[in-house]
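This one's a predicted model, so the numbers in the text were calculated from it and none came from an experiment.
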Amino acid sequence: MSSAPVGERPDRRGAVSAYFAPRRRTRLSLLLGLPMLWLVVVYLGAIAALMLSAFWSVDSFTENVVHTYSTANFHTVLTESIYRTVGVRTIVVALAVTVIDALIAFPMAFYMSVVASPRARRLLVVAVLTPLWASYLVKAYAWRTLLAPDGPLSWLTNGHTPGYGEAATVITLAYLWLPYMVIPVYAGFEKVPRSLFEASADLGGNAGRTIRSVILPLVFPAIAAGSIFTVSLTLGDYIAVSIVGGKTQLIANVISDQVTLNQPLAATVSLIPLIAIVLYLMAMRRTGALENV
């Protein structure tokens with residue numbers, strides 16, 4: 001029984017690989033083709049339709065959408081102060097939620113990654129993810145009960161409670177989006193070599209100096225990655241604001257209210273958070289945050 005020379009085997013293997021490589025590419029194209037088509041047609045198509053409908057108007061008598069192009073909606077959004085006020089308030093709330101979540105997530109993720117034992121680390125990860133399994137409405141209404149003027153927080157603090165309003169909105173949203181900040185920051189700590197802590201201590205750095213000069217610069221892209229979630233989710237949320245916000249209005253509430261009254265105007269207003277998140281993504285791209293998402 002004869003066998004091929006040893007020197008010919010790489011050539012045969014290369015021929016076999018060359019034979020199957022185009023088929024692998026074909027299978028990969030077929031596998032990804034449908035999801036990419038869905039993304040382009042449904043997601044990007046919806047955004048294109050949204051931008052197109054922003055140029056339409058509503059007949060004041062019949063309240064039907066008129067498919068004639070004008071910039072009246074953009075003029076309304078840019079000139080009326082209510083939209084600027086609500087837009088600025090929404091951005092401030094989104095940044096406040098992000099800062100609160102970052103301040104809470106940083107020590108939590110540090111303990112989970114560096115201090116906790118492997119068993120405790122797994123339990124803590126489960127504990128962080130468990131609230132995501134609970135109903136959004138249940139969590140929002142739970143905070144409504146806690147922050148009520150006559151609720152449990154008022155009993156514990158002798159009447160000192162934020163009640164319903166902007167502060168309650170920030171607290172509720174910070175709680176809702178906290179897992180989306182903790183997990184990226186925890187993943188960022190997992191990438192930090194532990195030898196850097198020892199090197200900082202050998203060079204005389206105390207805990208505060210190590211955090212400022214060694215840990216924070218390395219983990220900052222992960223914090224920025226978590227902020228993408230907290231900012232984008234806050235810009236699009238209107239349910240929690242309706243539950244605990246009282247008279248507070250964010251941009252998503254304005255859009256929700258205008259959908260039934262003036263759909264083209266709602267489409268125009270919805271471009272505000274869309275542009276805001278695109279600009280924020282462009283800013284975070286420079287930090288390397290998109291590599292951690």
Tell me the closest heavy-atom pair linking [X] and [Y], and the distance in Å.
X: Ala222; Y: Gly188; result: CB-CA, 3.8 Å
X: Arg212; Y: Pro217; result: O-CD, 3.3 Å
X: Pro179; Y: Pro184; result: O-CD, 4.3 Å
X: Thr260; Y: Asp257; result: OG1-O, 3.4 Å
X: Pro264; Y: Ser53; result: CB-O, 3.3 Å
X: Ile243; Y: Ala140; result: CD1-CB, 3.6 Å

In the structure I gave you, are the side-chain heavy atoms of [X] and [Y] within less than 4.5 Å of one another anywhere?
X: Val185; Y: Met108; answer: no
X: Leu233; Y: Asp237; answer: no
X: Val58; Y: Gln263; answer: no
X: Val92; Y: Arg89; answer: no
X: Val65; Y: Asn262; answer: no
X: Leu203; Y: Ser200; answer: no

> Hey, is NE2 on His75 packed in by over 12 heavy atoms from elsewhere, all under 6.0 Å?
Replying inline: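 Counting other residues, nucleotides and ligands, NE2 of His75 stays at 12 neighbours or fewer.
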> For atom CZ of Arg209, is the number of surrounding heavy atoms from other residues, nucleotides or ligands below 6.0 Å larger than 12?
Replying inline: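 Atom CZ in Arg209 is not packed in, count stays at 12 or less.
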Using the rule that two of Ile, Leu, Val, Met, Phe, Trp, Tyr join whenever any of their side-chain heavy atoms come within less than 4.5 Å, decide whether [X] and [Y] are in one cluster.
X: Leu271; Y: Leu44; answer: yes
X: Leu216; Y: Leu103; answer: no
X: Val115; Y: Phe197; answer: yes
X: Val99; Y: Ile211; answer: no
X: Ile47; Y: Trp38; answer: no

Quick one: [atom1] on [X] to [atom2] on [Y], what's the gap to the nearest 0.5 Å?
X: Trp155; Y: Leu146; atom1: CH2; atom2: CG; answer: 10.5 Å
X: Ile91; Y: Thr234; atom1: CD1; atom2: OG1; answer: 12.0 Å
X: Leu281; Y: Met284; atom1: CG; atom2: CE; answer: 9.0 Å
X: Ile223; Y: Leu218; atom1: CD1; atom2: CG; answer: 11.0 Å
X: Leu123; Y: Thr130; atom1: CG; atom2: OG1; answer: 10.0 Å
X: Ile100; Y: Leu95; atom1: CD1; atom2: CG; answer: 11.0 Å

>> Thr230 vs Thr98, test: side-chain hydrogen bond (donor to acceptor under 3.5 Å, both in side chains). Steps then yes/no.
In response: CA-CA 6 Å; Thr230 57; Thr98 300; 2.8 Å; yes
>> Under 4.5 Å side-chain heavy-atom separation, chaining through any Ile, Leu, Val, Met, Phe, Trp or Tyr, what else clusters with Ile255? Say none if it is isolated.
In response: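 For the cluster that includes Ile255, the remaining residues are Val77, Ile82, Tyr83, Val86, Ile251, Val254, Val259, Leu265, Val269, Ile272.
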Could you list the donor-acceptor pairs under 3.5 angstrom formed between side-chain atoms of residues 162-172 and any protein atom two or more places apart in sequence or on another chain?
unit_1, atom_1, unit_2, atom_2, d
Tyr164, OH, Arg144, O, 3.1
Thr169, OG1, Gly165, O, 2.9
Thr172, OG1, Ala168, O, 2.9

>> Applying side chain to side chain donor-acceptor pair (under 3.5 Å) as the test, list every pair that has at least one member in residues 241-256; sequence neighbours left out.
In response: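 Sorted result for residues 241-256: Ser242-Asn253.
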> Given Met112 and Val182, is the side-chain contact (heavy atoms from CB on, under 4.5 Å) satisfied, shown in steps?
Replying inline: CA-CA 10 Å; Met112 291 165 58; Val182 174; 4.1 Å; yes
For [X] and [Y], indicate whether the former's side chain and the latter's backbone hold a donor-acceptor pair under 3.5 Å.
X: Asn73; Y: Ala54; answer: yes
X: Trp177; Y: Asp101; answer: no
X: Thr268; Y: Phe74; answer: no

When you compare the side chains of [X] and [Y], does any donor N or O come within less than 3.5 Å of an acceptor on the partner?
X: Thr68; Y: Trp56; answer: no
X: Arg194; Y: Ser113; answer: yes
X: Ser227; Y: Tyr280; answer: yes

> Among pairs that include at least one residue of residues 104-149, which meet ring-ring contact (aromatic ring centres under 6.0 Å, His included), considering only residues two or more places apart or in two chains?
Replying inline: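 Those involving residues 104-149 are Phe106-Phe189, Phe110-Phe189, Trp143-Tyr175.
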>> With side-chain contact (heavy atoms from CB on, under 4.5 Å) as the criterion, how do Tyr180 and Ile228 come out once you've worked through the C-alpha distance, each side chain's angles and the decisive distance to 0.1 Å?
In response: CA-CA 9 Å; Tyr180 297 96; Ile228 294 174; over 6 Å; no
>> Can you list everything that forms a side chain to side chain donor-acceptor pair (under 3.5 Å) with Asp59? Sequence neighbours excluded, please.
In response: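 Residues passing side chain to side chain donor-acceptor pair (under 3.5 Å) with Asp59: Thr62.
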> Sequence neighbours excluded, which residues qualify as side-chain contact (heavy atoms from CB on, under 4.5 Å) partners of Ala120?
Replying inline: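 Scan of Ala120 (side-chain contact (heavy atoms from CB on, under 4.5 Å), adjacent residues dropped) gives Ala116, Ser117.
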